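Here the structure is laid out as structure tokens; the discussion comes afterwards.
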Number of protein chains: 2
Amino acid sequence: MVVDPSSPSSECPVARTLEAIGDRWSLMIIRDAFDDIRRFSEFQKSLGVARNILALRLKTLVEVGVFDVQPASDGSAYKEYVLTEKGREIFPVVVSMRQWGERFLFTGDETRSVLLDNEYGQSLMPIEVRSSSGQKLGPSDCHRVRVVAGES
Amino acid sequence: MVVDPSSPSSECPVARTLEAIGDRWSLMIIRDAFDDIRRFSEFQKSLGVARNILALRLKTLVEVGVFDVQPASDGSAYKEYVLTEKGREIFPVVVSMRQWGERFLFTGDETRSVLLDNEYGQSLMPIEVRSSSGQKLGPSDCHRVRVVAGES
DNA sequence: TGAATCCAGTTGCTAATTGAAACCAGTTTA
DNA sequence: TAAACTGGTTTCAATTAGCAACTGGATTCA
């Protein structure tokens, strides 16, 4: 999908997010990064993605500012891809995808991986959309508004 | 986060979610559906997507169970694509993408669309990952575990 | 020290997917 | 009744993904 910068859709943060990180491999790479995967070969092995595609995705993710390239932490001459603050903040996106998948894409008797908090080993709270006053909101409780630059 | 390296990706709910709805157009279609867009031509006009691609995406989204096909609510002979419960529950995914995009992909002076709650017209609370005890969690506060079917 | 292996890609080629435009049958509007 | 709209399908060109082989520096092994 190419978003014409002059088209109204580029005003939508969802569209821009999808433009930046919204492809299958990018989000899988980021998911792996949350599991402390950092090196090219580790991503490749974990995902089974073609090397050229992985190289390409990592390059754009670095350009976008989701990853930083750093010298390897083990002292070798190689490099590591480490999530930036911007990258780490994708966590809620990945977790909400995970929770939706757990709920709707698995039958009860299937083996799956789950996310637990380190402190108590408990499963996480379901992620919810809330108003500023803390009330849970569904899709029909919200509306989109265009905010023009310069106006308050 | 610690991973079992032998777990195939299909056991990962994130991977399955991306498999089902993780392509650019699908998520844009779903975003539009949250804005009460229901008809083929409305999606097409709003997104500017090629008709054949839209038809394909809608078909798989119906197969996946995200949309239901219903007779048009205006009494005409046409049909509508309406989100199912499963589809409506994608809301947190889209909202977290929106919030990430708003925060990291826009400069302050750009026109953008924002989401407000209907009741007070306020912007939403930032979506957060929380433990079952309500504590805010970052990527490094969680770990992944493989749950084998049949075991408790 | 030299050979073998590992790492992080790049290149070349083929297969699959996407996108634009034209086309089409049934429906609705003027 | 004609024109326009709706929800697609078909065709074809262009883009992208995926595979395998290659590369050149780094590291390990004997």
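Labels below follow one simple rule: chain letters A, B, ... track the order of the sequence lines, proteins then strands, and each chain is numbered from 1. This structure is a prediction, so every number in the text was calculated from the model and none was measured.
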For DNA chain C, find the residues of residues 61-73 of chain A with a heavy-atom distance under 4.0 Å and give them by number; none if there aren't any.
none
Phosphate OP1/OP2 of C:dG9: any A:Lys79 side-chain N/O under 4.0 Å:
yes
Atom NZ of A:Lys45 and atom P of C:dG9 are separated, to the nearest Å, by 18 Å
Starting from P on C:dG19, measure out to CH2 on B:Trp25 and report it in whole angstrom.
6 Å
Side chains of A:Val66 and A:Val62: does their closest heavy-atom pair fall under 4.5 Å?
no
What's the CE-P distance between B:Met28 and C:dG19, to the nearest Å?
12 Å
OP1, OP2 of C:dG9 versus side-chain N and O of A:Tyr81: anything below 4.0 Å?
yes
Short side-chain N/O contact to D:dA17 OP1/OP2 from A:Arg57, under 4.0 Å:
yes
Separation of atom CD in B:Glu19 from atom C1' in C:dT17, rounded to whole Å:
14 Å
In the structure I gave you, are the side-chain heavy atoms of B:Gln70 and B:Lys79 within less than 4.5 Å of one another anywhere?
no
When you compare the side chains of A:Glu110 and A:Thr107, does any donor N or O come within less than 3.5 Å of an acceptor on the partner?
yes
Atom pairs, protein N/O to nucleotides 27-30 of chain C N/O, distance under 3.5 Å:
| unit_1 | atom_1 | unit_2 | atom_2 | d |
| --- | --- | --- | --- | --- |
| C:dT27 | O4' | B:Tyr78 | OH | 3.2 |
| C:dT28 | OP1 | B:Ala77 | N | 2.6 |

Is a donor from one side chain sitting under 3.5 angstrom from an acceptor on the other, for A:Asp68 and A:Thr84?
no
Counterpart residues, side chain to side chain contact (heavy atoms under 4.5 Å, CB included), relative to A:Glu128 (two or more places apart):
A:Arg130, A:Lys136
Heavy-atom nearest nucleotide on DNA chain D taken for B:Phe40 and for A:Leu56; more 5' hit belongs to B:Phe40
B:Leu54 CG to C:dA21 P, straight-line distance once rounded to whole Å
16 Å
Sequence-distant partners of B:Asn118, side-chain hydrogen bond (donor to acceptor under 3.5 Å, both in side chains), two or more places apart:
A:His143
When the distance from CZ of B:Arg39 to P of D:dG8 is rounded to whole Å, what number comes out?
11 Å
Residues at least two apart in sequence or cross-chain that pass side-chain hydrogen bond (donor to acceptor under 3.5 Å, both in side chains) with B:Thr17, listed by chain then number, are none
Walk me through it: do A:Gln122 and B:Ser131 pass the test side chain to side chain donor-acceptor pair (under 3.5 Å)?
CA-CA 7 Å; A:Gln122 302 275 300; B:Ser131 71; over 6 Å; no
Determine whether B:Arg57 and B:Trp25 make a side-chain contact, defined as any pair of heavy atoms from C-beta on separated by less than 4.5 Å.
yes
Work out which heavy atom in A:Cys12 is nearest to a heavy atom in B:Arg98; give both atom names and the distance.
SG-NH2, 3.8 Å
Which atoms of nucleotides 20-24 of chain D (N or O only) lie under 3.5 Å from a protein N or O atom, and what are those distances?
none

Rounded distance (Å) that lies between atom P of C:dT18 and atom CG of B:Asp23
7 Å
For A:Ile53 and C:dG12, give me the distance from atom CD1 to atom P, rounded to whole Å.
16 Å
B:Phe106 six-ring face occupied by A:Arg16 cation (under 6.0 Å, within 45°)
yes
Before we go on, tell me: are the rings of B:Phe34 and B:Phe91 under 6.0 Å apart, centre to centre?
yes
